[in-house]
Structures are given as C-alpha cells and as structure tokens.
Amino acid sequence: ILAILSCYVLPVEVSAINIKTGGMWVTDNAGAVDNGRILKITPAGVATVAVSAADIDAARTVAGDTFPEGMGARFTENDIVFDAFGNFYFTESVSDGLFRLNQNNQLVQLVKESDISAKTQETSASPQCIAPSSGTQLYVTDNKSDSILSINRITGEVEVLVSELELES
C-alpha cells in the first residue's frame, strides 16, 4: 500500500521500507533543481532529512568524483533499497552514482559514473534499479548500456552481469 501511495499521492519519486524500524524512506526533489534529498519518515509520521544534496556532494568529494555533471542531487527514475544488513543504498541522477548509507549514518559514494562506464564501454552511465542479494552483491540496472551490473556492496567493484546483447538474445 505504501508503494502505491508514493506513486500516486505523495510528492516523492520512490520509497523504501526499513524492515528493522518500520520507517519509510522517500526521495524528494525539494522543489528545486539539483536540491534533492532523502527523507526518513517514522511510523508516527515524523519526517526528517536523512541525506541532503550537501551530504551527497561531500561523499562525492571524498570518493574523488570530479563533478563532471555538476553538483547537487536529483532523483529521477532512481531507486532506494535496504539490504539485509541494514545498509541503505540509492542511485542519484546528477552524479549517476551509487551511494551507501550505513547504520552509523556514514554516507559513501560506492560507485562513480566512471566506474560503470569503464566496464560497459559507454561514454556515460545511468544506474537506476537496485536489487540486493543475500550475500555481498547488489544488482543494478544501467539504462545507458541497457545492462545489468553486479556490484560488490563492500568494495564497490563493478562487473557487467548481463549485457544488452545477452538480454536481446
């Protein structure tokens, strides 16, 4: 029911439920270009900012991202999920990267656009949907290369699991 609400009623892009706390997390573009944020909403309905655009820019700086697409955050056709270990992952449209927020609220850019492009041989990347495995892998769709990526949730190592050619055959 919450997924349906987020698609049709709430002014947010996507949502995820934290099974451990029962809280809902949602992306919100905050009414301004590149000022996206992620909100944490408690079961009682109290909303707080869990990740801001400034947090994302700081994580990109630490990861050595060169900001070729600019600064800020935007959530358009992106995804947010929790893994079985309580880590929170999301893709974001300005950086075209994959981020992890651990249980200690440490945000890291796990994968940069250039990491994906190096493996897919495309000039850019557009990671979108995320599916965590029960082990160390995250499966992420990349809309630029039309492929499914396997990403190590600890190291950030990227591999192409299924390419566009394999999907078409």
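Residue indices begin at 1 and follow the sequence shown.
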query: After noting the C-alpha distance and the side-chain angles of V62 and V108, does the key distance pass the side chain to side chain contact (heavy atoms under 4.5 Å, CB included) rule?
result: CA-CA 8 Å; V62 170; V108 297; over 6 Å; no
message: Hydrophobic cluster membership, with links at side-chain heavy-atom distances under 4.5 Å among I/L/V/M/F/W/Y: are I116 and L161 in one?
response: no
message: Nearest 0.5 Å, please: how far is OG1 in T120 from CG in D146?
response: 10.5 Å
- prompt: For the atom pair OG1 (T136) and CD1 (I154), what is the distance rounded to the nearest 0.5 Å?
  reply: 5.5 Å
- prompt: If only atom types and distance count, is the side chain of D57 paired as donor or acceptor with the main-chain N or O of D55 below 3.5 Å?
  reply: no
message: Test your reading of the model: is there a side-chain donor-acceptor pair from D96 to the backbone of S126, 3.5 Å cut-off?
response: no
- prompt: Are F90 and V51 close enough that some pair of their side-chain heavy atoms sits under 4.5 Å apart?
  reply: yes
- request: Return the minimal non-hydrogen interatomic distance between S147 and V160, and the atom names on each side.
  value: CB-CG1, 4.2 Å
task: Without swapping roles, check the side chain of D83 against the backbone of S134 for a donor-acceptor pair under 3.5 Å.
output: no
message: Please report the interatomic distance NZ(K40) to CG(N105), rounded to the nearest 0.5 Å.
response: 6.0 Å
- request: Ignoring hydrogens and angles, tell me if any N or O in the side chain of E168 forms a donor-acceptor pair with the backbone of L165 under 3.5 Å.
  value: no
message: Restricting to non-hydrogen atoms, name the atom on R37 and the atom on S52 that form the minimum distance, rounded to 0.1 Å.
response: CB-CA, 4.2 Å
- request: May I have the step-by-step check of side chain to side chain contact (heavy atoms under 4.5 Å, CB included) for I41 and V46, ending in yes or no?
  value: CA-CA 5 Å; I41 304 170; V46 177; over 6 Å; no
message: If you apply the rule side chain to side chain contact (heavy atoms under 4.5 Å, CB included), what do you find for V94 with R60, and how did you get there?
response: CA-CA 11 Å; V94 173; R60 291 176 69 193; 3.9 Å; yes
query: Any side-chain heavy atom of P127 within less than 4.5 Å of one from L149?
result: no
query: Are S150 and Y139 side-chain neighbours, meaning at least one heavy-atom pair lies under 4.5 Å?
result: yes
- prompt: How long is the span from the CG atom in N152 to the CD atom in E157, to the nearest 0.5 Å?
  reply: 6.5 Å
- request: Show the numbers, then the answer: is there a side chain to side chain contact (heavy atoms under 4.5 Å, CB included) between R100 and N87?
  value: CA-CA 7 Å; R100 177 184 64 224; N87 297 302; 4.2 Å; yes
- line: dist I151:CD1 -> L138:CG (nearest 0.5 Å) comes out at 6.5 Å
message: For the backbone of C129 and the side chain of T141, can you confirm whether one donor and one acceptor N or O come within less than 3.5 Å of each other?
response: yes
field: Output field: ring centroids W25/F82 closer than 6.0 Å
entry: yes
task: Might you point out which heavy atoms bring E164 and S145 nearest each other, and give the distance in Å?
output: CB-O, 3.4 Å
task: Indicate yes or no for a side-chain donor-acceptor contact from E92 to the backbone of R74 under 3.5 Å, with no hydrogens or angles considered.
output: yes
- prompt: Is the side chain of R153 donor-acceptor paired with the backbone N or O of G135 at a distance under 3.5 Å, no angle test?
  reply: yes
message: Between E113 (side chain only) and A125 (backbone N and O only), is there a donor and an acceptor less than 3.5 Å apart?
response: yes
query: Side-chain contact, heavy-atom cut-off 4.5 Å: N102 with L107?
result: no
field: From CG (L98) to NZ (K112), nearest 0.5 Å
entry: 13.0 Å
Donor-acceptor under 3.5 Å (T91 side chain, Q128 main chain): yes
- request: Answer yes or no: is there a side-chain heavy-atom contact under 4.5 Å between T27 and L39?
  value: no
message: Any heavy-atom pair between the side chains of D28 and I38 that's under 4.5 Å?
response: no
